[in-house]
2 protein chains.
Amino acid sequence: MKKRIVRIKDIAEKAQTSKGTVDRVLHNRGRVADDVRERILSIIKELNYEPNFIAQSLKSQRTYNLAVLIPDPDADSYWEAPKIGLEKAEKELRQYGVYISLFIFNSHEEQSFIAKAREVSKEHPDGLLIAPVFYKEALPFFEEWASLNIPYVLFNTQIEHVNPLCYIGQDSYRSGSLAAKILSFGLQSPGTVLVAHVNEDISNSAHLITKEAGFRDYFESDKHDSKFKIISKEINFPDGETLDDQLDAILTEEPQLKAIYVTNSKAFEVASYLEKKALKHIKLVGYDLLTPNLNYLEKEIINFLINQNPLGQGYWGIHQLANFLVFKKDIQPIKFLPLDIITKENLDYYLDPQ
Amino acid sequence: MKKRIVRIKDIAEKAQTSKGTVDRVLHNRGRVADDVRERILSIIKELNYEPNFIAQSLKSQRTYNLAVLIPDPDADSYWEAPKIGLEKAEKELRQYGVYISLFIFNSHEEQSFIAKAREVSKEHPDGLLIAPVFYKEALPFFEEWASLNIPYVLFNTQIEHVNPLCYIGQDSYRSGSLAAKILSFGLQSPGTVLVAHVNEDISNSAHLITKEAGFRDYFESDKHDSKFKIISKEINFPDGETLDDQLDAILTEEPQLKAIYVTNSKAFEVASYLEKKALKHIKLVGYDLLTPNLNYLEKEIINFLINQNPLGQGYWGIHQLANFLVFKKDIQPIKFLPLDIITKENLDYYLDPQ
DNA sequence: TTCAAAAAAGTGTTCGAGCACACAGATAAA
DNA sequence: TTTATCTGTGTGCTCGAACACTTTTTTGAA
């Protein structure tokens with residue numbers, strides 16, 4: 001039951017040498033006679049030596065400055081959750097010398113992003129966690145950070161053809177399929193299903209396209225034999241106005257509308273419309289546990305929400321950087337977070353996880 | 001950003017005394033002159049001293065032997081997952097001196113449980129994680145362990161009127177409501193719904209009763225105006241036989257059967273029947289990600305599974321004991337794990353969590 | 001054979017907290 | 001006054017790994 005913990009000293013004794021030499025073998029520092037190196041290496045394997053992480057971190061005392069580049073949570077409350085998550089991770093990791101600096105940009109101004117990204121480069125952090133909402137503007141910086149040897153973790157938005165330490169977020173395609181599964185479970189009679197992209201610049205948001213593809217493919221697979229007509233719309237409206245007119249138009253065109261899938265966290269905008277018009281029979285699925293969404297989930301106007309776990313994204317993003325920098329663990333290049341299905345009945349457990 | 005870490009030595013210097021004295025104040029060990037104590041205490045507060053946990057655990061070297069009392073995973077594969085979870089926790093906590101001893105009993109023999117529970121008492125572990133499937137037999141032991149000052153954590157089955165350090169598991173009532181919510185979302189036309197307790201001694205399983213209550217209350221709440229008839233049955237059959245006859249009988253009696261809710265992990269037994277008889281229209285919801293369940297989830301004969309997260313129960317059980325014993329944290333008496341809704345599309349993320 | 005340079009191996013200090021022990025000064029008992 | 005006892009305080013070693021520094025051994029050129 002109690003495995004004796006193996007120390008460097010134990011290895012040294014068994015190899016009839018000193019801890020200094022073992023240390024040199026372990027860290028490839030300095031020269032060691034080949035036969036001794038071999039002997040030590042085989043003993044390390046035999047005894048299954050694992051460095052005492054506690055002693056290691058007590059000694060080293062080094063600190064890790066991590067930068068975080070995210071949109072302003074005050075402007076879009078979606079970003080509050082990642083911030084809470086990464087602050088939680090920082091608290092847990094502080095004793096290992098991990099510190100976080102926030103670089104907050106305005107999610108509506110590319111220039112603000114660029115300015116903050118420049119600041120990050122200037123800071124030379126040991127690692128970076130970034131939500132690359134401005135795809136094109138971010139590209140040159142990825143090269144810059146790579147050449148500066150700053151490992152970066154992407155979250156929220158997956159980007160191809162760059163080489164992050166790791167991506168953290170959801171599998172968008174699966175996410176779309178899951179939404180389709182839920183809605184099709186609740187739909188018996190034939191009708192129309194709407195995929196709504198609300199207030200989102202589709203050209204810069206590949207992941208929404210991917211969600212739609214997952215959604216459509218599910219309904220178009222053999223088993224549904226075109227019982228449902230899938231349409232998709234971009235619905236954009238300025239601050240202070242509503243999407244009532246646009247949804248009115250859609251409903252006139254498609255009176256058989258049975259369900260709506262909102263591809264981002266703006267389901268509450270649609271829910272507000274459905275409530276106003278008392279359209280109880282239209283099923284609604286969306287994303288994210290924002291307060292306005294939760295209100296409509298409680299009223300069962302939104303039937304299900306899929307949790308993208310933004311808190312977890314921030315939390316795991318920092319932890320992945322720490323796993324790499326502090327704990328020297330190997331990092332899987334993609335960490336997909338669970339697609340949690342949330343409804344009124346199980347909501348509580350996802351609001352303040354762990 | 002970087003707060004300088006405060007050491008005992010810093011406090012000692014500021015109080016113009018030695019670290020030994022500060023140490024005595026911190027641990028109420030030995031005598032210290034009142035004025036010096038006051039001075040040190042106020043400086044500790046002022047500098048916001050927090051002991052360096054890493055140095056602490058390096059020094060102390062003390063080990064914690066935790067006992068785990070669970071049914072045999074080889075006999076009921078449900079118990080494999082908790083075992084994996086607690087082994088994972090042990091691995092993470094080994095560097096803090098945490099060791100686990102397993103006490104495995106036969107889940108069909110009370111005597112085997114009693115024998116193993118006695119062994120636990122003899123071992124005098126520093127803490128205990130227990131799945132109290134034999135309610136009546138366990139009661140006297142809880143008193144014994146309390147008097148031996150062994151903190152114990154319950155998981156899987158919640159028991160009233162005993163005083164564990166904490167309970168880890170699901171809110172059974174909510175769990176039943178959630179199952180009802182899912183099924184009612186998928187049921188449009190009126191019909192009968194069956195609550196099936198498969199191969200389970202109801203008299204010793206309060207949590208299954210609670211699940212049924214949550215399920216019934218959901219359907220009986222105002223909004224459903226008795227569209228559905230809820231019946232419940234205990235279905236028991238010996239090893240090697242099937243429940244075909246009993247389900248045949250139920251279907252003859254209730255030809256309008258639209259959905260089945262299996263209250264434990266045995267949904268696959270019902271699914272096997274539905275597949276054989278090609279009863280595709282009957283919706284089925286059950287618990288737990290056992291391999292046979294997953295097969296039927298894949299085929300969509302089981303529509304949804306609710307994950308009781310047995311792996312997480314083992315994992316968090318050990319972590320709660322460590323939080324209490326090693327990290328001296330306060331423990332909430334109940335830790336409800338999320339009610340995860342699992343379907344074919346999001347299954348992957350729950351199979352090997354974290 | 002000698003000796004300096006290079007190679008290899010060994011020693012000792014450090015990180016922060018815990019704890020055993022040593023030691024000083026005060027007080028009391030003989 | 002001497003000796004014992006009690007308070008209060010300070011010192012120094014320990015945990016395991018990292019790393020700077022020292023010492024020993026080997027090598028090869030004169």
Side-chain angles (χ1 to χ4, degrees), chain A residues 2-41 43-44 47-64 94-98 325-328, chain B residues 2-41 43-44 47-64 93-99 325-328:
Chain A
K2 273 192 215 175
K3 286 176 227 155
R4 176 90 198 90
I5 279 178
V6 183
R7 295 117 73 214
I8 284 188
K9 208 177 145 199
D10 298 321
I11 298 168
E13 272 166 22
K14 191 152 189 186
Q16 305 189 65
T17 175
S18 72
K19 64 196 185 83
T21 305
V22 176
D23 180 77
R24 270 179 287 269
V25 172
L26 282 168
H27 297 89
N28 293 311
R29 146 175 52 235
R31 297 160 174 282
V32 178
D34 283 351
D35 59 326
V36 179
R37 153 171 283 114
E38 291 291 302
R39 201 164 67 231
I40 290 175
L41 247 24
I43 290 176
I44 285 174
L47 299 185
N48 209 341
Y49 169 76
E50 283 186 25
N52 182 323
F53 175 70
I54 291 172
Q56 243 173 356
S57 55
L58 173 62
K59 183 62 186 60
S60 68
Q61 296 293 103
R62 86 154 277 196
T63 60
Y64 299 88
R94 175 127 60 223
Q95 48 194 189
Y96 301 111
V98 172
L325 294 166
V326 185
F327 307 111
K328 318 287 185 213
Chain B
K2 274 191 220 182
K3 285 175 227 156
R4 175 92 197 87
I5 280 176
V6 183
R7 294 118 72 215
I8 285 189
K9 209 180 145 196
D10 299 322
I11 298 168
E13 272 166 23
K14 193 153 188 185
Q16 303 188 64
T17 175
S18 72
K19 67 197 187 81
T21 305
V22 176
D23 180 75
R24 271 179 284 269
V25 172
L26 283 168
H27 297 88
N28 292 310
R29 147 174 49 238
R31 298 160 174 283
V32 178
D34 284 350
D35 58 326
V36 181
R37 154 172 281 114
E38 292 289 304
R39 201 164 67 232
I40 290 175
L41 246 24
I43 290 175
I44 285 174
L47 298 186
N48 208 341
Y49 169 76
E50 283 188 23
N52 182 323
F53 175 71
I54 291 172
Q56 243 172 358
S57 54
L58 174 62
K59 184 59 186 53
S60 71
Q61 296 296 103
R62 86 153 275 194
T63 60
Y64 300 87
L93 294 165
R94 175 126 61 224
Q95 48 196 190
Y96 300 108
V98 173
Y99 295 90
L325 294 167
V326 185
F327 306 111
K328 317 287 184 212

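To find a chain, count down the sequence lines: A is the first, B the second, and so on, and within it residues start at 1. The shown structure was predicted, so the numbers you read here are calculated from the model rather than taken from an experiment.
Residue A:Asp10 contributes atom CG, which lies 13 Å from atom C1' of D:dC15 at whole-angstrom precision. Put simply, CG on B:Leu26 is 7 Å from P on C:dG18, counting in whole angstrom units. D:dA18 atom P lies 14 Å from atom CZ of A:Arg62, rounded to whole Å. Atom NZ of B:Lys9 and atom P of D:dC13 are 15 Å apart (whole Å). Between the CG atom of B:Leu58 and the C1' atom of C:dG18 there is a distance of 11 Å, given to the nearest Å. The distance between atom CD of A:Glu13 and atom P of D:dG16, rounded to the nearest whole Å, is 12 Å. Spacing between atom CD of A:Glu50 and atom P of D:dA17 amounts to 11 Å, rounded to whole angstrom units.
Taking side-chain N and O atoms only, B:Gln56 has no distance below 4.0 Å to OP1 or OP2 of C:dG16. Considering only side-chain N and O atoms, A:Thr17 lies nowhere under 4.0 angstrom from the phosphate OP1 or OP2 of C:dA9.
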- Message: Let's go through B:Asn48 and B:Val6 carefully: what are the C-alpha distance in whole Å and the side-chain angles of both, what is the deciding distance for side-chain contact (heavy atoms from CB on, under 4.5 Å) to 0.1 Å, and is it a yes or a no?
- Response: CA-CA 8 Å; B:Asn48 208 341; B:Val6 183; over 6 Å; no
- Query: Under the side-chain contact (heavy atoms from CB on, under 4.5 Å) criterion, do B:Val98 and B:Thr63 qualify, and how do the steps go?
  - Reply: CA-CA 6 Å; B:Val98 173; B:Thr63 60; over 6 Å; no
Nucleotide N/O to protein N/O under 3.5 Å, stretch nucleotides 25-28 of chain C:
none

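With C:dG16, D:dG10, D:dG16 as the choices, the nucleotide that has an atom nearest any side-chain atom of A:Asn52 turns out to be D:dG16. In the set C:dG18, C:dG16, C:dG10, C:dG16 carries the atom at the smallest distance from any side-chain atom of B:Ala55.
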- Query: Going 5' to 3' along nucleotides 19-25 of chain D, which nucleotides have protein heavy atoms under 4.0 Å from the base (write B), which only from the sugar-phosphate (write S), and which from neither (write -)?
  - Reply: B------
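Between its two ends, the helix from C:dT1-D:dA30 to C:dA30-D:dT1 turns its axis by 80°, counting five pairs per end and rounding to 10 degrees.
Residue A:Tyr49 is in sugar-phosphate contact alone, with no base atom involved, counting any heavy-atom pair closer than 4.0 Å across all strands shown.
Side-chain contact between A:Tyr49 and A:Val22: absent, with no pair of heavy atoms (C-beta onward) separated by less than 4.5 Å.
When the side chain to side chain contact (heavy atoms under 4.5 Å, CB included) test is applied to A:Lys14, the partners found at least two apart in sequence or on another chain are A:Ile43, A:Glu46, A:Leu47. Residues passing the side chain to side chain contact (heavy atoms under 4.5 Å, CB included) test with A:Ser57, sequence neighbours excluded: A:Phe53, A:Tyr96, B:Ile54.
A residue-by-residue look at B:Ser60 and A:Val36 shows that A:Val36 has its nearest nucleotide of DNA chain C further toward the 5' end.
Listed by first and then second residue, the salt bridge (Lys or Arg N to Asp or Glu O under 4.0 Å) pairs that reach into residues 24-38 of chain A are A:Asp23-A:Arg29, sequence neighbours excluded.
If you take CG on B:Asp10 and CD1 on B:Ile44, they are separated by 12.0 Å, rounding to the nearest 0.5 Å. We find the CG-CD1 distance between A:Leu26 and A:Ile11 to be 6.0 Å, quoted to the nearest 0.5 Å.
Between A:Ala12 and A:Ser18, the shortest heavy-atom contact is CB-C, 3.5 Å.
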